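Please read the structure below before turning to the comments.
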Amino acid sequence: MKVVLLAGGFGTRISEESQFKPKPMIEIGGKPILWHIMKEYSYYGFDEFIICAGYKQYVIKEWFADYFLHNSDITFDFTKGTNDMIIHEQHCEPWKVTVVDTGLNTMTGGRIKRIQKYVGDEPFLMTYGDGVCDVDMNKLVEFHKEHGKIATLTAVMLEQQKGVLDIGGDNAVKSFREKSHTDGAPINAGYMVLNPEIFDYIDGDDTVFEREPLERLAKEGQLMSYMHKGFWQCMDTKREMDMLEKYLATGTAPWKKWD
């Protein structure tokens with residue numbers, strides 16, 4: 001099952017860093033947060049990624065182009081008048097990564113629509129490139145397969161509000177709406193599983209995935225929530241970036257399950 005990562009936004013709320021690079025490429029613990037998210041999925045055996053890039057997309061492409069070189073022990077031998085490169089040991093991931101330029105100003109739904117040909121006619125995982133968690137991805141996928149609906153999103157209970165969910169007793173999402181200042185309800189944490197029918201709910205580049213598509217799915221009874229009671233944290237601000245950095249520095253990062 002492929003993993004789609006939304007990594008094309010401007011990240012204006014953390015402009016101290018995002019003026020130089022895409023928000024998902026901002027580093028915590030010496031690696032981009034995008035890398036941390038990919039490591040989460042890889043821990044559960046999901047190693048094929050499609051990255052929906054946009055703002056400064058070349059930074060993402062160049063980082064992966066150099067990844068093998070930067071994570072290997074290499075001898076550069078110029079003694080014969082040639083540039084011979086000998087790889088002694090490499091520490092790369094077993095990943096297949098497709099980076100797609102989905103446009104500078106494309107909305108989230110439009111970015112997903114643009115990578116349809118890379119996903120194919122099969123279910124896929126999808127999340128945003130700015131939040132980490134300790135969700136059990138295999139249990140999430142199992143839950144999605146069991147209920148048989150088009151879409152599953154991971155819901156968490158936090159004071160900070162994203163897309164607000166009205167969830168029924170059967171875990172079906174009854175409605176989906178944007179946040180308000182007074183909400184204290186389950187929120188959409190991303191980490192979704194989507195069937196290929198999802199592409200029929202997206203019109204084009206101007207479609208905001210969290211609005212029309214998810215709202216329509218909820219009305220049709222095709223959107224389910226996987227309740228996660230563990231750790232989840234997005235990185236919208238410098239304060240949140242520093243908090244995630246501290247988790248890593250102290251060896252207490254809940255999302256870091258790999259060695």
Side-chain angles (χ1 to χ4, degrees), residues 1-11 14-104 111 114-115 117-120 124-132 134 137 235 238 241-242 244-259:
M1 188 177 286
K2 299 180 180 71
V3 181
V4 173
L5 302 170
L6 293 179
F10 291 96
I14 192 168
S15 59
E16 302 95 325
E17 295 280 344
S18 61
Q19 62 178 311
F20 304 111
K21 63 184 72 172
K23 183 181 177 184
M25 296 305 291
I26 296 173
E27 294 186 356
I28 53 174
K31 295 285 188 182
I33 191 171
L34 182 68
W35 178 88
H36 287 264
I37 297 167
M38 294 169 72
K39 287 286 283 187
E40 292 172 17
Y41 282 103
S42 187
Y43 177 81
Y44 290 100
F46 301 101
D47 293 319
E48 187 167 353
F49 301 93
I50 301 168
I51 300 176
C52 301
Y55 171 67
K56 294 185 181 295
Q57 50 86 27
Y58 65 89
V59 174
I60 300 176
K61 291 177 179 175
E62 290 174 359
W63 192 85
F64 280 104
D66 292 334
Y67 188 73
F68 185 87
L69 181 66
H70 292 172
N71 289 274
S72 303
D73 296 336
I74 297 175
T75 295
F76 297 97
D77 187 355
F78 309 126
T79 58
K80 299 176 183 177
T82 58
N83 183 12
D84 293 334
M85 187 172 68
I86 304 168
I87 299 172
H88 303 286
E89 192 172 339
Q90 62 89 13
H91 310 282
C92 291
E93 315 297 334
W95 295 346
K96 180 179 180 181
V97 184
T98 301
V99 183
V100 182
D101 182 1
T102 56
L104 184 61
R111 296 190 190 283
R114 285 202 186 195
I115 54 85
K117 65 180 180 181
Y118 297 102
V119 170
F124 61 97
L125 294 143
M126 191 281 285
T127 197
Y128 306 97
D130 63 354
V132 289
D134 60 356
M137 305 301 178
M235 191 181 70
K238 179 68 163 56
M241 183 185 79
D242 292 341
L244 295 176
E245 191 77 65
K246 185 176 181 181
Y247 275 120
L248 289 165
T250 57
T252 59
W255 70 91
K256 188 181 177 187
K257 295 186 178 181
W258 60 91
D259 294 330

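Please read all numbers here as calculations on a predicted model, not as lab measurements. We number each residue from 1, following the sequence as shown. Scope of the values below: all heavy atoms of this structure, side chains included, with no hydrogens, waters or symmetry mates.
- Put simply, the side chain of Leu34 reaches to within 4.5 Å of the side chain of Phe64, judged on heavy atoms.
- Of all non-hydrogen atoms in Pro22 and Ala7, the two that sit nearest each other are CB-O, 4.4 Å.
- Between Met85 and Leu69 there is a side-chain heavy-atom pair separated by less than 4.5 Å.
- Checking Thr75 against Asp77 by side-chain atom types alone, no donor-acceptor pair falls below 3.5 Å.
- In this structure, Tyr118 and Val4 have side chains that are not in contact, with every pair of non-hydrogen atoms separated by 4.5 Å or more.
- For the residue pair Gly131 and Ile33, the shortest heavy atom distance occurs at N-CD1, 4.1 Å.
- Summarising the local packing, CE of Met1 is surrounded by more than 12 heavy atoms from other residues, nucleotides or ligands at distances under 6.0 Å.
- The OG1 atom of Thr250 sits 10.5 Å away from atom CD of Glu245, with the distance rounded to the nearest 0.5 Å.
- In this structure, CG on Leu5 lies 9.5 Å from CD1 on Ile60, to the nearest 0.5 angstrom.
- One finds the OH atom of Tyr41 at 8.5 Å from the CZ atom of Phe49 (value rounded to the nearest 0.5 Å).
- Rounding to the nearest 0.5 Å places NZ of Lys2 at 10.0 Å from CD1 of Ile115.
- A salt bridge does not link Lys246 to Asp242: none of the charged nitrogens lies less than 4.0 Å from a carboxylate oxygen.
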Donor-acceptor pairs under 3.5 Å, side chain of residues 93-102 to any protein atom, not counting sequence neighbours: which ones?
residue, atom, partner, partner atom, Å
Glu93, OE1, Lys39, NZ, 3.2
Glu93, OE2, Tyr67, OH, 3.3
Trp95, NE1, Ser42, OG, 3.1
Asp101, OD1, Gly103, N, 3.1
Thr102, OG1, Ala53, O, 2.6
Thr102, OG1, Arg111, NH1, 2.8

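- Side-chain atoms of Phe124 and Ile50, non-hydrogen and from C-beta on, never get closer than 4.5 Å to each other.
- Using modelled atom types, one finds no donor on one side chain facing an acceptor on the other under 3.5 Å when comparing Lys256 with Tyr247.
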Worksheet item: For Asp73 and His91, what are the C-alpha separation, side-chain angles and deciding distance, and is it a side chain to side chain contact (heavy atoms under 4.5 Å, CB included)?
Response: CA-CA 9 Å; Asp73 296 336; His91 310 282; 4.0 Å; yes

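- The two atoms that bring Lys21 and Tyr55 nearest to each other are O-CE2, 3.7 Å, heavy atoms only.
- The CG atom of Asp134 sits 11.0 Å away from atom OH of Tyr43, with the distance rounded to the nearest 0.5 Å.
- For the pair Trp258 and His36, the minimum side-chain heavy-atom distance is below 4.5 Å.
- The OH atom of Tyr128 sits 12.0 Å away from atom CD1 of Ile37, with the distance rounded to the nearest 0.5 Å.
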